[in-house]
Amino acid sequence: MEQRWSARLAERKAQHLYRRCRVADSPQGPRMLIDGKPLLAFCSNDYLGLAGDERIAKALKQGVDRWGSGSGAAHLVNGHSLAHQALEDELADWLGRERVLLFSTGYMANLGIITGLLERGDQLFEDRLNHASLIDAGLLGNARLHRYRHSDMQSLRRQLAAFPEGMRMVASDGVFSMDGDIALLGEMASICSSEQVLLMVDDAHGLGVLGRDGRGCVDEAGLTQSDVPVLMGTLGKAFGVAGAFVAGSELLIETLIQQARSYIYTTAMPAALAEAARASLRIVREERWRRDKLEALMWRFREGAETIGLSLMPSRTPIQPILLGEPEKAVTWSRRLEELGFLVTAIRPPTVPTGQARLRVTLSAAHEESQVDSLLQALSAIQEEQAA
Ligand SMILES: *Cc1c(COP(=O)(O)O)cnc(C)c1O
């Protein structure tokens with residue numbers, strides 16, 4: 001076994017696909033101390049700049065004072081507190097849905113939803129570029145998994161026509177995590193409704209950022225619970241905390257409580273964390289300036305990047321990847337950026353398709369315009385030296 005591990009690691013290194021963890025010695029934010037070095041970071045999912053927010057930290061501390069450190073049990077045993085209940089109710093109210101169910105992470109929510117709802121003989125259809133947790137859920141579950149071409153509604157229609165048996169479900173990222181583009185939700189909803197297929201949207205990157213009061217891409221597309229019956233969201237990205245949830249009908253939630261194994265067989269998130277997420281939700285709803293600022297920074301970055309001739313993707317979200325191609329090139333650019341004081345991680349296969357390695361630049365409401373400008377200057381300098 002150990003020989004095999006060594007061989008696999010050596011292969012990865014040779015292909016420039018080796019990954020390692022950097023160690024931060026500062027809270028999440030634009031200015032970070034990483035492996036002892038001060039860097040300006042453009043790679044988190046802390047889109048609204050809330051991960052280091054003092055009010056949320058205070059709610060977490062008060063939560064610990066009231067509830068202690070751990071929930072001590074699964075939700076269905078005695079780990080489900082008033083704080084968890086209040087968070088579920090407040091999220092449901094915000095999203096205009098009947099009910100919400102908390103999960104400990106987004107990965108677990110996706111596993112629980114898909115394996116909990118689909119049975120042998122059912123069919124699951126997923127966008128090829130869906131997040132790994134949705135793909136893994138499809139591979140682990142009992143339904144047959146079909147992957148359609150990215151945002152290609154003809155491809156989806158063809159697959160639906162070819163596989164009419166059993167109960168059927170379409171699951172898609174709302175905002176694609178590595179590309180930043182938004183799913184064609186209106187069209188997907190109308191296909192699903194006419195074909196009587198259940199539609200699930202994972203809006204990990206849209207909630208807090210898009211839509212009225214940050215209600216996400218489903219709200220922005222003018223769709224409701226009846227169009228998108230299963231809405232999944234996470235609390236570790238724009239919310240700046242941790243955890244996840246699914247929002248939908250009473251019947252959906254009751255079913256998941258009985259059947260989602262990653263809900264049933266795991267410890268409830270600490271109640272203090274639920275208190276922190278409640279504080280975060282209040283800020284997400286009220287502080288619209290964060291979304292406005294984020295959007296302005298996004299357009300500023302796009303304009304600047306286009307001026308210097310970088311290859312951007314069609315994204316109007318804070319995820320603004322620069323497509324570079326080969327993993328080696330992405331690693332080189334990332335390393336040069338770091339030498340110039342910026343942290344932007346190289347995203348390589350298998351996270352993205354072969355030949356599509358990239359720098360995944362992400363923006364946050366905590367960034368300043370001048371910081372975006374200095375990133376653009378650094379990118380321009382690297383572009384010139386690489387062309388030379
Ligand atoms: C991050 C992410 C998840 C996983 O959420 P965690 O809470 O980090 O486990 C699921 N889906 C998408 C689209 C994501 O980007």
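Predicted, not measured: the structure shown is a model, and the values here were computed from it. Counting starts at 1 for both ligands and their atoms, following the listed order. Throughout, numbering of the chain's residues begins at 1 and tracks the sequence.
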Please state which option from His205, Met108, Met178 has its nearest heavy atom closest to atom 15 (O) of ligand 1. His205
Tell me the protein heavy atom at minimum distance from atom 14 (C) of ligand 1, and give that distance in Å. Lys237 NZ, 2.8 Å
Looking only at side chains, do Ser364 and His367 share a donor and an acceptor under 3.5 Å apart? no
Should one rank Ser133, Gly206, Ala109 by closest heavy-atom distance to atom 10 (C) of ligand 1, which comes out on top? Ser133
Gln225 (side chain) donor-acceptor with Glu98 (main chain) under 3.5 angstrom: yes
Ligand 1 versus Ala244: contacting region, heavy-atom distance under 4.0 Å: neither
Return yes if a side-chain donor-acceptor contact under 3.5 Å exists between Arg19 and Thr351, otherwise no. yes
Check the side chains of Asp227 and Thr224 for a donor-acceptor pair under 3.5 angstrom, ignoring hydrogens and angles. yes
What about Thr234: any of its N or O atoms under 3.5 Å from an N or O on ligand 1? no
Nearest non-hydrogen protein atom to atom 6 (P) of ligand 1, with distance, is Gly106 N, 3.3 Å
Regarding Glu338 and Arg22, does a basic nitrogen lie under 4.0 Å from an acidic carboxylate oxygen? yes
Closest protein heavy atom (residue, atom, distance) for atom 4 (C) of ligand 1: Tyr107 N, 3.6 Å
Under 3.5 Å, is there a donor on one side chain and an acceptor on the other for Asp179 and His150? no
Identify whether the distance between the nearest side-chain nitrogen and carboxylate oxygen of Arg336 and Glu385 falls below 4.0 Å. yes
Output the list of atoms in ligand 1 that are nearer than 4.0 Å to some heavy atom of Ser177, sorted by atom number. 15 (O)
Residue, atom and distance of the protein heavy atom nearest atom 13 (C) of ligand 1 read Asp202 OD2, 3.3 Å
Please classify the Asn110 to ligand 1 contact at 4.0 Å (heavy-atom distances, strictly less than): side chain, backbone, both or neither. side chain
